[in-house]
Amino acid sequence: MNHNRKNTLFESILNIVRQIPKGKVATYGQIATMVGTQNPRLVGYALASLKDDTTVPWFRVINSRGKISFPQGSDAFKIQYSLLIKEGVRFSDKNIVNLKIFGWSEAND
DNA sequence: GGCTTGACTTACA
DNA sequence: CTGTAAGCCAAGC
């Protein structure tokens, strides 16, 4: 009806990320596919423009290797890591998420 | 309208 | 496991 094309990929991505259940994670690639793009980088690009006080759970987005996409030791890494831990996400290593990362399916431990 | 930049991914060595 | 290369495409200048 309305030619509201204003719903940019940018908005769509954030919308999807908002729907990731607490305690679960998704990959950039998974989200990219959901919004209909073949470029997972755009997901990261969208998240990068979020403000610090955003309500979007950006920290629930990790890369396809099951890791946080920030250099270990960086502030962003520490923040994301602790937020995930706080939600019950478990790590095998300091960086590898011990969950099934495809979509936000149940943690099959 | 063209060129550069990416919080990525997959493939291969 | 690590490292390098090519592909992908919206946003911003």
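Chain letters run A, B, ... following the sequence lines, proteins first and then strands; every chain starts at 1.
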* Asked: Tell me: CG of A:L42 to P of C:dC8, nearest whole Å?
  -> 13 Å

* To do: Could you please name the option among B:dT9, C:dA11, B:dA7 that lies closest to any side-chain atom of A:F10?
  => C:dA11

* Using Watson-Crick and G-U wobble pairs whose two distances are both under 3.5 Å, how do you write the pairing of DNA chain C as dot-bracket, with | for links to another strand? -> .||||||.|||||

* Spatial distance of atom CG (A:L84) from atom CD1 (A:I79) [nearest 0.5 Å] -> 12.0 Å

* To do: Look at the rings of A:F70 and A:W58 and say which category their plane angle falls in: under 30° parallel, 30 to 60° tilted, over 60° perpendicular.
  => perpendicular

* To do: Figure out the CD/P separation between A:Q38 and B:dT10, and round it to whole Å.
  => 11 Å

* Select one nucleotide: of C:dA10, C:dC8, B:dC8, the one nearest the side-chain heavy atoms of A:R41. => B:dC8

* Asked: Between C:dA11, B:dA7, B:dT9, which nucleotide has the shortest distance from any of its atoms to the side chain of A:A48?
  -> B:dA7

* Asked: Which listed nucleotide (C:dC9, B:dA7, C:dG7) is nearest to the side chain of A:S69?
  -> B:dA7

* Taking the side chain of A:T8 as heavy atoms from C-beta outward, which of C:dA11, B:dG6, C:dC8 is closest to it? -> C:dA11

* To do: Quick one: pull up OG in A:S12 and CD1 in A:I31 and give me the separation to the nearest 0.5 Å.
  => 12.0 Å

* **Rounded distance (Å) that lies between atom C1' of C:dG12 and atom CG of A:L9** => 16 Å

* **Nucleotide of B:dT9, B:dA7, C:dT2 approaching A:F70 most closely (side-chain heavy atoms)** => B:dA7

* Asked: In whole Å, what is the span from the CG atom of A:L84 to the P atom of B:dA7?
  -> 18 Å

* A:R18 and A:P57: which non-hydrogen atoms are nearest, and at how many Å? -> CA-CD, 3.8 Å

* For the pair made of CZ in A:R65 and P in B:dA7, what is the distance, rounded to whole Å? -> 15 Å

* Can you check whether A:S64 has a side-chain N or O nearer than 4.0 Å to OP1 or OP2 of B:dT10? -> yes

* Asked: Are A:I96 and A:Y28 in one and the same hydrophobic cluster, where Ile, Leu, Val, Met, Phe, Trp and Tyr link if side-chain heavy atoms are under 4.5 Å apart?
  -> no

* What is the distance from CE of A:M34 to C1' of B:dC8, rounded to the nearest Å? -> 17 Å

* Asked: So do A:V97 and A:F91 actually touch side chain to side chain, heavy atoms under 4.5 Å?
  -> yes

* Asked: Rounded to whole angstroms, how far apart are CG on A:N39 and P on C:dA10?
  -> 8 Å

* Determine whether more than 12 heavy atoms belonging to other residues, nucleotides or ligands lie under 6.0 Å from atom CD of A:Q72. => yes

* Asked: Expressed in angstrom and rounded to an integer, what is the separation of A:I96 atom CD1 from C:dC1 atom P?
  -> 5 Å

* Determine whether any donor atom in the side chain of A:Y45 lies under 3.5 Å from an acceptor atom in the base of B:dA7, or the reverse, and answer yes or no. => no

